[in-house]
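A quick write-up on the structure given underneath.
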Number of protein chains: 2
Amino acid sequence: MLQQNFFGLYYKLYRPLLNQVNAKLTQYGLFSSQWQLMKLLMQEGAMTPAEIAQRQQVEKPSITKILQRLGEMGYVESTPGQDKREKWIRLTSSGEAVCRDVMEQLASLYEDLLQGSSKEEVEIAISVLARAHQNLTS
Amino acid sequence: MLQQNFFGLYYKLYRPLLNQVNAKLTQYGLFSSQWQLMKLLMQEGAMTPAEIAQRQQVEKPSITKILQRLGEMGYVESTPGQDKREKWIRLTSSGEAVCRDVMEQLASLYEDLLQGSSKEEVEIAISVLARAHQNLTS
DNA sequence: AATAGTTAATTAACCTAACTAACTATTATT
DNA sequence: AATAATAGTTAGTTAGGTTAATTAACTATT
């Protein structure tokens with residue numbers, strides 16, 4: 001079964017990968033869900049907690065907690081929207097700096113992991129992942 | 001950056017996929033780590049908690065807890081090894097039945113997710129994942 | 001045979017990261 | 001104006017991780 005091989009490997013990779021990523025993140029006092037959120041803000045700019053929750057596919061209270069910690073660490077800040085129920089969340093400059101550092105470190109990890117796969121193969125793998133995501137969320 | 005695209009998509013897929021898988025599993029009162037463990041036993045046969053821990057890349061106490069719950073649900077059983085420190089864990093027949101059901105349901109989910117990708121593309125994606133896992137754990 | 005060191009499994013205490021339910025404040029709808 | 005819906009928070013729970021410490025059993029060396 002081709003599908004099961006694919007997703008079997010997908011899962012098999014997950015824990016060891018997470019362990020490696022967490023090892024890099026502890027230098028900055030970050031955990032991986034915090035990092036995921038920072039990365040989202042880095043890539044897409046300021047957004048509200050509700051949008052973050054929807055993007056990350058987790059419930060709003062989970063986001064509230066992560067934002068509280070990131071706020072205490074000085075990595076994010078918020079301003080009220082013109083709709084006064086909303087809060088707009090953005091990275092602070094210190095948050096952006098950390099983000100860049102982490103991205104650099106992870107880039108070299110990722111490069112190592114793709115050693116031995118050609119550019120073309122990786123591109124095909126990307127398209128398969130992208131299509132799976134598309135099929136899942138449409 | 002090719003690597004970041006690949007791993008960016010890898011992560012992006014993870015939560016929505018987990019949510020779908022968990023939705024299937026709740027019918028059987030299972031959570032995904034419990035399922036991962038059952039699948040391992042189904043595919044590889046009886047083994048000790050220490051080996052499970054090593055295969056899943058988590059610490060032994062985590063496995064102890066999961067096995068306790070699976071035991072309460074009647075999905076696994078254990079017998080002492082000839083080395084009396086060891087416990088050999090295996091699926092019960094009810095555990096095996098549940099495993100087969102879940103596998104069937106997930107197979108159809110996975111098939112849907114790979115719709116639109118050719119056999120060759122999926123094979124290449126598999127090889128990229130396998131190589132990443134290899135690079136990570138060697 | 002005794003001792004020292006190692007390994008397998010468990011327990012306890014703690015943490016992260018998720019969840020649901022219920023709440024407040026604000027905005028939108030009827 | 002009343003009601004419904006939405007954004008965010010709070011409180012409480014749970015799964016599933018962690019480390020540190022404990023017990024029992026095995027191994028090797030004296």
Side-chain angles (χ1 to χ4, degrees), chain A residues 11 14-23 25-26 28-40 46-73 75-90, chain B residues 11 14-23 25-26 28-40 46-73 75-90:
Chain A
Y11 290 124
Y14 186 75
R15 287 275 329 156
L17 181 56
L18 187 67
N19 283 340
Q20 289 281 318
V21 170
N22 277 333
L25 292 177
T26 43
Y28 302 91
L30 288 171
F31 292 91
S32 86
S33 64
Q34 299 166 348
W35 162 245
Q36 292 295 325
L37 202 163
M38 289 178 73
K39 192 176 62 171
L40 179 65
M47 58 181 78
T48 64
E51 188 175 356
I52 295 170
Q54 182 254 311
R55 295 290 297 269
Q56 309 276 54
Q57 296 255 304
V58 298
E59 299 300 320
K60 287 186 296 174
S62 311
I63 300 301
T64 298
K65 257 200 197 165
I66 296 172
L67 287 176
Q68 281 165 352
R69 288 208 198 104
L70 289 176
E72 283 162 19
M73 291 191 276
Y75 291 157
V76 301
E77 60 189 2
S78 72
T79 45
Q82 60 219 73
D83 178 338
K84 279 172 193 154
R85 292 170 302 182
E86 291 181 343
K87 283 169 90 172
W88 285 80
I89 312 291
R90 96 183 53 75
Chain B
Y11 290 123
Y14 186 76
R15 288 274 329 156
L17 180 57
L18 187 67
N19 283 339
Q20 289 282 315
V21 170
N22 277 334
L25 292 176
T26 43
Y28 302 91
L30 288 171
F31 292 92
S32 86
S33 302
Q34 300 167 348
W35 161 246
Q36 293 294 325
L37 201 163
M38 290 180 72
K39 191 177 61 170
L40 179 65
M47 60 181 78
T48 63
E51 188 176 355
I52 296 171
Q54 183 254 309
R55 297 291 298 267
Q56 308 276 56
Q57 297 254 305
V58 297
E59 300 301 322
K60 285 188 294 178
S62 312
I63 300 301
T64 299
K65 265 193 205 169
I66 296 173
L67 286 175
Q68 281 165 352
R69 293 212 189 97
L70 289 176
E72 283 162 20
M73 290 191 274
Y75 290 157
V76 301
E77 61 189 1
S78 72
T79 46
Q82 60 219 69
D83 179 337
K84 278 170 192 153
R85 292 170 303 182
E86 292 182 341
K87 284 170 88 172
W88 286 80
I89 311 292
R90 96 182 52 74

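Labels below follow one simple rule: chain letters A, B, ... track the order of the sequence lines, proteins then strands, and each chain is numbered from 1. Because the structure is a prediction, the values reported are computed rather than measured.
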Can B/I66 and B/Q36 be said to form a side chain to side chain contact (heavy atoms under 4.5 Å, CB included), step by step?
CA-CA 10 Å; B/I66 296 173; B/Q36 293 294 325; over 6 Å; no

Among D/dG16, D/dT10, D/dT6, which nucleotide has an atom closest to any side-chain atom of A/P61?
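Selected nucleotide (nearest to the side chain): D/dT10.
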
Heavy-atom pair of closest approach, residues [X] and [Y]:
X     : Y     : answer
B/L25 : B/S32 : CD1-CA, 3.6 Å
B/Y11 : A/K39 : CD1-NZ, 4.0 Å
B/I89 : B/P49 : CG1-CD, 3.8 Å
B/K60 : B/A53 : CG-CB, 3.8 Å
A/L67 : A/V76 : O-CG2, 4.0 Å
B/Y75 : B/Y28 : OH-O, 3.4 Å

Please report, rounded to the nearest Å, how far the [atom2] atom of [N] is from the [atom1] atom of [X].
X     : N      : atom1 : atom2 : value
B/L30 : D/dT14 : CG    : P     : 18 Å
A/R85 : D/dA4  : CZ    : P     : 16 Å
B/N22 : D/dT14 : CG    : C1'   : 13 Å
B/Q57 : D/dG16 : CD    : P     : 18 Å
A/E59 : D/dA15 : CD    : P     : 18 Å

DNA chain C contacts made by residues 62-70 of chain A, counting heavy atoms under 4.0 Å
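Contacts with DNA chain C under 4.0 Å: A/S62, A/K65, A/I66.
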
Have a look at A/Q82 and say if it touches a base, only the backbone sugar-phosphate, or nothing, with a 4.0 Å heavy-atom cut-off.
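If one applies the 4.0 Å heavy-atom cut-off, A/Q82 turns out to touch the sugar-phosphate alone, with no base involved.
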
Touch check for B/K60, heavy atoms < 4.0 angstrom, all strands: base, sugar-phosphate only, or nothing?
base

How far does [atom1] of [X] sit from [atom2] of [Y], to the nearest 0.5 angstrom?
X     : Y     : atom1 : atom2 : answer
A/R69 : A/S33 : CZ    : OG    : 8.0 Å
A/T79 : A/R90 : OG1   : CZ    : 4.0 Å
A/T64 : A/K87 : OG1   : NZ    : 7.5 Å

Need to verify one output field. Residue with the more 5' nearest nucleotide on DNA chain D, B/D83 or B/Q34?
B/Q34

Check every nucleotide of DNA chain C for an atom under 4.0 Å from a heavy-atom of chain A, then give the first and the last such nucleotide from 5' to 3'.
C/dT16 to C/dT27

Could you provide the dot-bracket string of DNA chain D, using ( ) for intrastrand pairs, [ ] for crossing pairs and | for bases paired to another strand, with Watson-Crick or G-U pairs below 3.5 Å?
||||||||||||||||||||||||||||||

Evaluate the criterion side chain to side chain contact (heavy atoms under 4.5 Å, CB included) for residue pair B/Q57 and A/L18; output intermediate values, then yes/no.
CA-CA 10 Å; B/Q57 297 254 305; A/L18 187 67; over 6 Å; no

